[in-house]
Structures are given as structure tokens and as C-alpha cells.
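As C-alpha cells, the structure follows; a few thoughts come after it.
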Amino acid sequence: MAGRQDRRTKTVSTGQDESAVPAPPCAMVIFGAAGDLTKRLVVPALYNLVNAKRLASGFHLVGVDLAAKTSDEWRKGLTDTMQDAVGHGGEFQADQIDQTSWRWLADRMSYLQGDLNDPTTYRRLGEHLAELDKTSGTGGNYLFYLAIADRFFGTTVAHLAAADLMKENNGKWRRVVIEKPFGHDLASAKALNAEILKVLKEQQIYRIDHFLGKETVQNIMALRFANGLFEPLWNREQIDHVQITASETVGVEHRGKFYERTGALRDMVPNHMFQLLAMTAMEPPTSFDADAVRGKKAEVIEAIRPFKGAQALRDSVRGQYDAGTVEGKPVRAYRQEPDVDPASNTETFFACRLKIDNWRWAGVPFYLRTGKYMRRRWTEIAVRFHQAPYALFRGTHVERLHPNWMILRIQPDEGIALEFAAKRPGPSVKLSTVSMDFAYKTFFKMAPNTGYETLLYDCMIGDATLFQRADNVEAGWQAVQPILDAWANAPTPAFPNYAAGGNGPAAADELLARSGRAWRSLD
Ligand code: BG6
């Protein structure tokens, strides 16, 4: 399997790496072709890959969905969505569409109407793909992207295998990308892994977590392992605690039905938040080979100390938003959202304190928090170092020393900052906290990037480093399962318990206050 060292410095979306080559030709089949993910992220990402010259001329995109439409209608719909997305500041940040690039992609699209539960869909798909092998030069390589509801993951994979579409021979590859949620708890994740591993090899499965497509998340490895400066500090001797925040200013929007059975913990923690945790806390891998990296990530998640009984309730906090004001706009309470039960007990906020039981991190608490409709959109990893001894400053105007922080800003305003104390100019000793700040936008030209470009390209070149292996997914669920169990057996807190546009429930502050700590401000 290709490792990431092959093209370590490439930034797919910007085209800054002259040496990166187009992916091998393939037919990419997207199930859920009429859905939101396809329009909002996957197709814009493919377009960005065309711009960056990363798709082979033998590339072809086949859309499969239940809706009856022709290839022309599908293409036209996507053309309109792309055009509408321009300049709207969403995930697709482009301010214009390059017509030559779009035409290049649009000319390579076809649509197939079909029901995922019907074997004839896969037979017809097989015929279509065989035809494309002859006419479009796809090389017989297929990438199946499951942008569909999770209840269809197992069935679709089984049908693909039964239709002989997953068989790899004569150098042809067949891969499948599986979106989240991968399972709903530990038992269902294990069952899904078992089901798909009956018919596929692990190397054919790309379980996607789009946080790993973010440059800033990938950069955590560069920060830690390409610099001699930080590694000696990166342990319990120097670090007091770590805070990982993913705070959102969106509510559940039109996803009430999905969110009702998911909630903030399942939606964000075993996947996205644990990816941030793993990147921050993993041991150095012996190489950038996919299995070496994923092995180290699995190890650290497996080292999370299991929450036991009442401790699962004590060390976790759930919240649900009430009506409030977010970014100056009044918004309704979660229980008033479409497709949401007016007495819903689903959490839209989650925080916890966890410990990693290994030599590097023993005794260092990791605090995680994530929520919808918070004060500010902000994702960061904040590492707090131990305080310097105060003794020297007795007899000065300095009343207390401020701690040092290293802040990895994932989004927005991507960058890294180091906060430390400096003497203020003047005759007496007074200190201020100052910051050394690296901002991505100052150093690098950031081209439009949905975050899916690298991930799609990696699937095509067979680099699974940024994808979850079966054990990674199961380790994530294993760690949160005691909390899910404890919640299922305990009374729900009085919801709603935080105002939209705020910092989350008071209990989240108390979680840190118990040990004399406080969350970094979201202001
Ligand atoms: C998704 C969750 O996986 O990630 C959403 O289902 C969440 O609820 C989103 O809003 C956050 O991703 P990003 O890239 O917008 O921070």
C-alpha cells in the first residue's frame, strides 16, 4: 500500500506541489448522487481536483440514486448548484467557476437510476462500468462512494460484492468509501465491520472522517514529528492538561431526524474529536505508512481509561440548546426544530474529562467539548503547560504567573500560537501574556478546499493513512460506550440547559472548576 511519504508535501487543492501526479484512471461511483453531500462537498472537491490536475483523463463519475433523471438532468442540476455556491462563503469557497475545468468534469459524468436494495441496480451498474472501461479508459478501477444513509452501508457493500464488482484482479483495484456514522454504538460498529469484512479485504475499505481532510489536522503530525523543539515538552512532565474544543454556530438545521437518534456525543466524539485527540496524543509512528500511523492512533484511543459506573456521569456533561441569539440572529430551541420531538432528550452539547493511561500521559486530563449553537465557531486543541515557580517574583508587582499555552487552531483562522509571559517595558517588573502566532494564510496560498480533495485523491492512489481502520473505529466506540450506557440508565438533566449563542451548560464549567481549571474563553 502506498504510504504518505510518497508525496508528503503535496497540498492537493492548491496545486503547490509540482511533483504530485494525477491519480490513476478510475470510475468513481457515487451512491446518493442526488443528496446533499454529493452536491455540497464531493462534486466541488472533484472540481478542485480537476483544477489541480489530479484526475486522470480516464476518470469518470457515475451517479446512482433513486430519483428518476437523465445524465443530462443530473449534470445540469450539479452545474446549477456549483454556480449557486460561488461566493456564498460555504464549504466551496471559490469565487468563480473555471468553465474549462467544470466542462472537463461534466463531460465525464453519467447517471443511473436505481434502488439500493434491488440486485438489478448492481447488474446494470456492472454493465455500465464495463462499457466505460472500453469507452472512457477507466482501467477497470472502481471507487464506490457511499454517500447514503448508514442503514444501507452493509446492504450496498454486499450487493456490490455479489455483483462481482469488488473483485480485484489483473492489477485492477476496487475500493469503497464509507461515510459516517459508522455504527451507532460499539455493538453495531462491530457488526458492520464484520458484515463488510465478510466480502471485502480491509485494504479495500476507506472509512472516511472528514476532519482528517483538514490541512490543520494533518499538520499536527508535522508540528509534532518534524520539529525537534516540541517533542521533549510533549508529555506529563511538562503538560498540565489539554482542552479540545469543537464549537459550532450552526444548529441542527434540516437534520432533525438524523440528529434525534444521534446527538452530539455520537455525531462528533468517537470520530472527529478522537481524531484530534489521537493526532495530539499518539506516539510517533515508525513511518508514515498507513498501518504504522493507524496502529499508533488505535493504541492511544485504546489507552483511554474506561469510564466506570458513576464516574461516567461525573466526568461527562450533556446539554441541549434553548432559544437564544447566535451571531446576532434569534434562533429557536432544539425542541422546536423540524423533525424533533418537542420533549426530546437528545443532547446538542457534550463535554467530558478523560485520562490516557500510558507513560506519556498518565495523570494529564484531556477535556473535550463540542456543541451546536454556541457563542462562536471555533475548533482548537489547547495544550496547557505547567506553571513556572512563582518564588522569584515575590516582591515584584507580579501577583501571579500566567500559564503557557500552545494553541493549535483547526478552524477558522487556521494556525498555531504559543502564549507566554513577557516583561512589559518600564522600570518595574510587570508581565503580560503575549503570543507567537503562525497563521496559515500569512505563509501559504490557500486555494478553495472543501477538505475532501486530499481524501478522494488518497482513495484513488490507495493511501489509507487518513482513513479509519476497523480497530480505530471500534476503539472510539469502546471508549464512549460506558457513557452511552450510563446515560441510558440515568435521568436526563433538565433540558434545555444552555441558551443558544452561549458557552454551553454550567455543568461543563464545573467539570473543570472541580480541579481549579477553566475552559479557554470562546470570545
Ligand atoms: C459532521 C457532523 O460530521 O461534522 C455535523 O455530522 C458537524 O453535525 C460537522 O456539524 C462539523 O464539521 P465541520 O467540518 O463543519 O467542522
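Atoms within each ligand, like the ligands themselves, are counted from 1 in listed order. Worth knowing before you read on, the calculation uses all heavy atoms, side chains too, and leaves out hydrogens, waters and symmetry mates. One is the number of the first residue; the rest follow in order along the sequence.
Side-chain contact between N345 and R318 is absent, with no heavy atoms from C-beta onward closer than 4.5 Å. Side-chain contact between V29 and L143 is absent, with no heavy atoms from C-beta onward closer than 4.5 Å. Considering only heavy atoms from C-beta on, H184 comes within 4.5 Å of R266 through its side chain.
Applying the 4.0 Å criterion to heavy atoms of K180 picks out, from ligand 1, the atoms 1 (C), 2 (C), 3 (O), 6 (O). Every atom of ligand 1 is numbered from 1 in the order shown, and the set under 4.0 Å from a heavy atom of K372 is 5 (C), 7 (C), 8 (O), 10 (O). When each atom of ligand 1 is checked for a heavy atom of H272 under 4.0 Å away, the hits are 1 (C), 3 (O), 4 (O). Distances below 4.0 Å separate heavy atoms of F211 from the following atoms of ligand 1: 12 (O), 16 (O). Heavy-atom contacts of D267 reach the following atoms of ligand 1: 2 (C), 5 (C), 6 (O), 8 (O) (cutoff under 4.0 Å).
The distance criterion of under 3.5 Å between nitrogen or oxygen atoms is met by H210 with respect to ligand 1.
The two residues R376 and D523 make their nearest non-hydrogen contact at NH1-O, 3.1 Å.
Counting protein heavy atoms only, atom 16 (O) of ligand 1 is closest to Q411 NE2, 2.6 Å. Ranking the protein heavy atoms by distance from atom 14 (O) of ligand 1 puts K214 NZ, 2.6 Å first. Among all protein heavy atoms, the one lying closest to atom 10 (O) of ligand 1 is E248 OE1, 2.5 Å.
Counting only N and O atoms by type, the side chains of K297 and Q468 include no donor and acceptor under 3.5 Å apart.
Residue F349 forms a ring pair (Phe, Tyr, Trp, His ring centres under 6.0 Å) with just one option from Y334, Y321, Y498, and that option is Y498. Checked options N449, I410, I220, T454; the residue passing with K214 is I410 (criterion: side-chain contact (heavy atoms from CB on, under 4.5 Å)).
Under 4.0 angstrom from ligand 1, there are no non-hydrogen atoms of Y259.
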